[in-house]
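Scope of the values below: all heavy atoms of this structure, side chains included, with no hydrogens, waters or symmetry mates. Letters go in sequence order (proteins before strands), and every chain restarts at 1.
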Protein chains: 2
Amino acid sequence: MSDAYYLQLTEQLRYLIDQNNAQGERKLPAERTLAERFATTRVTLRQALGQLEGEGLIHRSNRRGWFVSPARLVYDPTRDAGFNDYVRAQGRQPYTVVLGMETRPHLPAARALGLSDDQPFHHIRRRRYVDNRAVLVESLWVVPERAPELLGIYTDQSLWGLLRGRWGHHLANRSIRMVSEALAPVDAEELFVAPGTAGLNICRAILDDQQRPIEFDEEHWLHDALCISVELSGQQ
Amino acid sequence: MSDAYYLQLTEQLRYLIDQNNAQGERKLPAERTLAERFATTRVTLRQALGQLEGEGLIHRSNRRGWFVSPARLVYDPTRDAGFNDYVRAQGRQPYTVVLGMETRPHLPAARALGLSDDQPFHHIRRRRYVDNRAVLVESLWVVPERAPELLGIYTDQSLWGLLRGRWGHHLANRSIRMVSEALAPVDAEELFVAPGTAGLNICRAILDDQQRPIEFDEEHWLHDALCISVELSGQQ
DNA sequence: CCGATGGCTTGGTATAGACCAGAAGTTTGC
DNA sequence: GCAAACTTCTGGTCTATACCAAGCCATCGG
């Protein structure tokens, strides 16, 4: 318990959430209800909720309410398992929705892959779920020469499986970049959360074993959905 | 420009920050000044500032004001360079302050290294700076058998250098875990920021080439100070 | 010259109330 | 039966104001 009331509130809410969660109740009462119960205003209450949101304990679904966050998904960027594989490996249910497909240039992809600025890409945008919660949106930018009819045959299978199986590409060199972000309004909307929600931005540039550029991809994760884990052995 | 006023404010502030930054002015005007200039209240203004803070564009120093954030430090967790080395390699100035040293048990360290719960550790806590900005606090938990007189001889040099040079340890196996967090009041205070400021928690467990536990360490970074980058080559 | 003091500035916290827009549930009308 | 329309509930945004405590700085006193 610290001096500020909202920090005390945070602790009381933490306790309440624990209890609710034990009873399988994952939705919190309405803000107005909570504010009245703790004899404060919505503003102060929301400050306490925001603290717990920052910790990853709870999250909100836009205009629907606050919910207890499920356990984070463990993700190892040094391994090549596809989303579906590693979600299932953790006993959870993956799901993907394709939001759009088109072919056009994209500056960040061109830069990251060392191609000219006007290089067109096959672009696939999709939203991915874990246990029915939308946790990320991503944009894939594939070099058309490496996968000519991609947009015609892609539905929602594994992209890497397709690249390997149909076109024989071996993904060999990756550069990965991760930074915290505040979700832009468009990304937030596609994830059904408020604009400015904390997120994690992951970008990948992928080349094959002959250093030819294959694909660039950019993911926007909800910050509380992810735990990054890396296991390394071998002396440096 | 979106519908909500605070999002418009965000864009205007972004513009103002750009201009100020170009003139070398890295401190923003006072909240009351800005609120008046944009004809709104401090509450709404702070919502806009909070958005930019989430993006990592600006940060605040507790009760001192808002400042433009410097470029993120690039960090590759798969490489073994010490803090001082990779900060300098990016043309920036590292600095470290030791906050405390003691010997006592620590449950998370014991668990992560596979030791018994009451195993004591040499504990060093330090705050680290980049270009004069405090960007992280960390706790190191070293197995005493591997570095008996550590607390007597440690001042503020490189710990890994010491482990290698004095005791001949070769750090071979690492497991690294990164999750977003809201800084706890104690950590926030040591970093001179408000409690609940967004952070990144990085934990490392380190074993030597014979799988003997050496050290566990836990870092709390300001979220906007860091860009994680991993380069991988070699086919999977 | 220098340390102590006190006032001013700044962000941090909090109250009280209001309106809006989207989500969800309920009723109505075909 | 079922879709459309309405009502209610919910979070999202915003105003206006107040007080506190820490940082900062100029002034004062030795």
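Atom C1' of nucleotide D:dT15 and atom CG of B:Leu45 are separated by 14 Å, given to the nearest angstrom. One can place CD of B:Gln51 at 14 Å from C1' of D:dT13, the figure rounded to the nearest angstrom. Residue A:Tyr5 contributes atom OH, which lies 19 Å from atom P of D:dC20 at whole-angstrom precision.
Residues forming a salt bridge (charged side-chain N to carboxylate O under 4.0 Å, His left out) with A:Asp18 (at least two apart in sequence, or on another chain): none. Every residue two or more places apart in sequence or in another chain was checked for a side-chain hydrogen bond (donor to acceptor under 3.5 Å, both in side chains) with B:Thr33, and none qualifies. Contacts of B:Arg37 classified as side-chain hydrogen bond (donor to acceptor under 3.5 Å, both in side chains), with partners at least two apart in sequence or in another chain: none. Looking at residues two or more places apart in sequence or on another chain, you find a side-chain hydrogen bond (donor to acceptor under 3.5 Å, both in side chains) between A:Asp217 and A:Arg204. B:Phe38 is linked by a ring pair (Phe, Tyr, Trp, His ring centres under 6.0 Å) to nothing, counting only residues two or more places apart in sequence or in another chain. By the salt bridge (charged side-chain N to carboxylate O under 4.0 Å, His left out) test, A:Arg127 is found to be paired with no residue, residues two or more places apart in sequence or in another chain being considered. By the salt bridge (charged side-chain N to carboxylate O under 4.0 Å, His left out) test, A:Glu138 pairs with A:Arg126, A:Arg128, sequence neighbours left out.
B:Thr40 has a side-chain polar atom (N or O) that falls below the 4.0 Å cut-off from OP1 or OP2 of D:dT15. For the OP1/OP2 pair of D:dT13 and a distance below 4.0 Å, the side-chain nitrogens and oxygens of B:Thr44 include no atom meeting the criterion.
The overall bend of the helix from C:dC1-D:dG30 to C:dC30-D:dG1, read as the angle between its terminal helix axes built from five base pairs each, is 10° when rounded to 10 degrees.
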With a cut-off of 3.5 Å and sequence neighbours excluded, list every side-chain donor-acceptor pair involving residues 25-32 of chain B.
residue, atom, partner, partner atom, Å
B:Glu25, OE2, B:Lys27, N, 3.1
B:Arg26, NH1, B:Asn21, OD1, 3.1
B:Arg26, NH2, B:Val68, O, 3.3
B:Glu31, OE1, B:Arg42, NE, 3.1
B:Glu31, OE1, B:Arg42, NH2, 3.1
B:Glu31, OE1, B:Arg46, NH1, 3.3
B:Glu31, OE2, B:Arg46, NH1, 2.9
B:Glu31, OE2, B:Trp66, NE1, 2.9

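Taking 4.0 Å as the cutoff to heavy atoms of chain A, we find the contact window on DNA chain C bounded by C:dT13 to C:dA24.
Residues in residues 91-110 of chain A take part in these ring pair (Phe, Tyr, Trp, His ring centres under 6.0 Å) pairs, two or more places apart or across chains: A:Tyr95-A:Tyr129, A:His106-A:Trp141.
Donor-acceptor pairing under 3.5 Å is recorded for the side chains of A:Ser139 and A:Arg125.
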What string of B, S and - do you get for nucleotides 5-12 of chain D, 5' to 3', when a contact is any protein heavy atom under 4.0 Å? -----BBB
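Under a 4.0 Å N-O distance rule, the pair B:Arg133/B:Asp224 qualifies as a salt bridge.
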